[in-house]
Amino acid sequence: MTFKELGISPEILKAIDELGFENAMPVQAETLPILLNQDVNLVALAQTGTGKTAAFGLPMIQKMDYSNKDTEVLVLCPTRELCMQIANDCKNYAKYINGCTILPVYGGASIDIQIRALKRGVKMIVATPGRMNDLINRGRVDISKIKYVVLDEADEMLDMGFKDDLDNILSQAPEQRNTLLFSATMPKDVERIANNYMAEAVRIQIGTRNQGSDSVSHFYYLVQAKDRYSALKRIADYYPNIYAIVFCRTKLETQDVADKLIRDGYNADSLHGDLSQAQRDHVMNRFRHKNVQLLIATDVAARGLDVNDLTHVINYNLPDELEQYVHRSGRTGRADKLGISIAIINLKEKYKIKDLERQIKQEFTKVQIPTGKEVCAKQLFNMIDKVENVDVNYAEIETFLPDIMTKLEGMDKEELIRKFVSLEFNRFLEYYRGAPDLNVDESRGSRDRDDRGGRDDRGRGRDRGDRDRGDRDRGDRGDRDGGYKDGNFQRLFISIGHKDKVVPQRIIGMINDFTQDRDIEIGKIDILDNFSYIEVGADKANIVIEAFKDQFVQGRPITVEIAQPRNSSSRDRSGSDRRSGGRASGGRSSDRRSSGSSDRRGSSDRSSRSSSSSSDRRGSDRRSSDRDNRSGDRKRY
């Protein structure tokens, strides 16, 4: 269906025609007839990159009253980049409409400049929640005449911790306003906003709830964990024209992978929460102009990025929250283009692929890591294609041809071709000479080398998930109280439990990934409803605590600290301390149960300790990573 058929005004049609828009995308075809003709609350579930900006931007621009300077539309979005992108797109749509003033408002920029612009009158404000809340609290913005509030990427705003800001803004907006909520996924917190602030909302769903985009194909490579980086390089070499975001779990791993790629000659850079806004802008400008082919990023830092022609998204690690995979994969396959989402996994992670298939309603295809010979062939023919299609500047090169012909006259055609090919190709042939097969043979099962690269089958070298703790003869340590330190082990408290859908394998995987230390001993793991206890090698306890400081689960920071001793009376009140049996294996959890009263007591005892010890420890990191700062000085992601 064309935009003209949907009832778009001639002024806007002229602008979007210049932008190359003609036919509406599905989310636009569904929303435009409603929003152009009715004043309603609307909930639209659609994937990232499906044209949501035009879906709400076009009708808002067409319906605003330009006889005054009152602010009538407020658009809230999670990040500075998305804020700027939405504002620029809407300005392009409103190119031929006089009086359509649009202002992006976000943290990290001068709040004084933004206040001066607001004083002159703005019809549409596009803002991040933290900065908008700051302006409201200062009394520097008038939202009393707001007719529409748009929540774009609502799920990501909540994931980034903007719940309180959103509640404050929505509670102060006029009651008679309409709210439009757009989201890629619909978790409980997004449903809460819809239920609390959007009475009788019209609901639109493009595709299946939480489903991946149909324009993205999903593949996975199965490798040993130690070969993950080698597999990434192999994939990058196999796709010479790759333009991709590579997602890692932690800032440390993100920087490490980027540094290795740069050192190995790849066109890569990193994007994570430790970068200043100026550094972030520099990286993104280079990436948008394709001066960087591989952007290595964390989920938080990549939120709000708007790059339409990514060829691949590569999951160097699968996300802990499987819904986050929908956001990652949705960054490719945009604007009617096809995209590829790749996951590099090891055997212990294969169960996650089945979980993802159920969630996104799409199948993953297992593919083989290319051999060295296959990579060389792909690179060779890519080079030949470039030669075949190169533009020749005959006028400029003509004066050099006589000398060139004289220099090469002693070579026949075949020898000349061989030398020409070898000039560029020798480095690939040399690098991949004798390259090993990185694929895992699943039929060998447990006989395969473990994640640590096949170290001997003793002590720390063995796979934590399959070790038998019984051979250590640690007796009845599971029934003892006091001290929480037993021999070489330290007992830690971790603020995730059954409600976070964690299992021992997942906690072990987090320690593996967050610490990047494969030699940490793991003892017994006790999972309760709201938190868990885990025993780790006493010499590595502080490493584990530090590694979890900047980590989140379901939008909450994870707290890890040394477990406090329990006295006998508290044990008597809470019932027996039921903990896991003789094995603490990832795959053989035995008799893990929890006492309800123990859970409640532990949760209560933990609250005061978390607020005192944890808030100081992680406060500055947490505030500087994702949230908009009300003073405008901190980093925004």
Side-chain angles (χ1 to χ4, degrees), residues 250 320 464 469 474 477-515 517 520-580 584 586 589 591-619 621-622:
T250 67
D320 288 323
R464 294 178 189 147
R469 307 294 176 187
R474 287 188 277 138
R477 182 164 54 84
D479 294 326
R480 277 193 265 154
D481 290 317
Y484 283 72
K485 186 173 181 180
D486 180 39
N488 294 325
F489 284 85
Q490 176 70 61
R491 197 165 191 244
L492 301 179
F493 163 88
I494 180 170
S495 62
I496 54 176
H498 289 308
K499 67 182 179 62
D500 301 301
K501 299 179 182 179
V502 297
V503 292
Q505 297 98 316
R506 184 174 174 194
I507 294 179
I508 291 169
M510 286 179 174
I511 293 175
N512 281 340
D513 294 328
F514 296 163
T515 64
D517 186 341
I520 297 176
E521 290 277 10
I522 304 294
K524 290 190 176 183
I525 300 175
D526 306 323
I527 300 180
L528 289 84
D529 285 348
N530 298 310
F531 56 89
S532 302
Y533 292 108
I534 182 169
E535 293 171 346
V536 302
D539 59 328
K540 298 294 183 74
N542 287 334
I543 293 175
V544 174
I545 291 171
E546 287 295 319
F548 275 81
K549 276 187 177 180
D550 204 25
Q551 306 304 327
F552 288 75
V553 61
Q554 296 183 0
R556 295 183 292 102
I558 301 175
T559 298
V560 176
E561 56 192 34
I562 293 174
Q564 299 301 311
R566 294 172 301 187
N567 56 38
S568 59
S569 60
S570 66
R571 180 173 178 238
D572 291 341
R573 285 194 303 269
S574 62
S576 62
D577 180 17
R578 296 180 184 133
R579 298 193 278 179
S580 58
S589 58
D591 193 25
R592 288 187 175 88
R593 301 181 296 274
S594 60
S595 166
S597 59
S598 173
D599 188 7
R600 289 192 295 273
R601 174 185 55 76
S603 180
S604 174
D605 291 343
R606 198 65 53 193
S607 61
S608 60
R609 186 165 65 254
S610 296
S611 62
S612 59
S613 63
S614 302
S615 60
D616 290 339
R617 185 182 63 215
R618 66 174 189 269
D621 289 340
R622 182 183 179 191

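Ile520 CD1 to Ile508 CD1: the interatomic distance, rounded to the nearest 0.5 Å, is 12.0 Å. To the nearest 0.5 Å, the span separating CG on Asp529 from NZ on Lys499 amounts to 9.5 Å. The distance from the CD atom of Glu535 to the CG atom of Leu492 is 9.0 Å, given to the nearest 0.5 Å. Taking CD from Gln551 and CD1 from Ile494, the interatomic distance works out to 10.0 Å, rounded to the nearest 0.5 Å. Of the inter-residue distances, the one linking Phe548 atom CZ with Ile496 atom CD1 reads 6.5 Å to the nearest 0.5 angstrom.
Proximity of Arg491 to Asp526: side-chain heavy atoms (C-beta onward) are separated by under 4.5 Å at one or more points. Using a 4.5 Å heavy-atom cutoff, the side chains of Ile534 and Val536 are in contact. Within the 4.5 Å cutoff, the side chain of Ser532 has heavy atoms near those of the Ile507 side chain. Residues Tyr533 and Lys524 are not in side-chain contact: their nearest non-hydrogen atoms beyond the backbone lie 4.5 Å or more apart. Looking at heavy atoms from C-beta onward, Gln490 lies in side-chain contact with Ile562 at the 4.5 angstrom threshold.
Contact record, Ile522 with Phe489: C-CE2, 3.7 Å, taken as the closest heavy-atom pair. Looking at every heavy atom in both residues, Ser495 comes nearest to Thr559 through OG-N, 2.7 Å.
For His498 (side chain) and Ile527 (main-chain N/O), a donor-acceptor pair under 3.5 Å exists by modelled atom type.
By the 30° and 60° cut-offs, the orientation of the rings of Phe531 relative to Phe493 is tilted.
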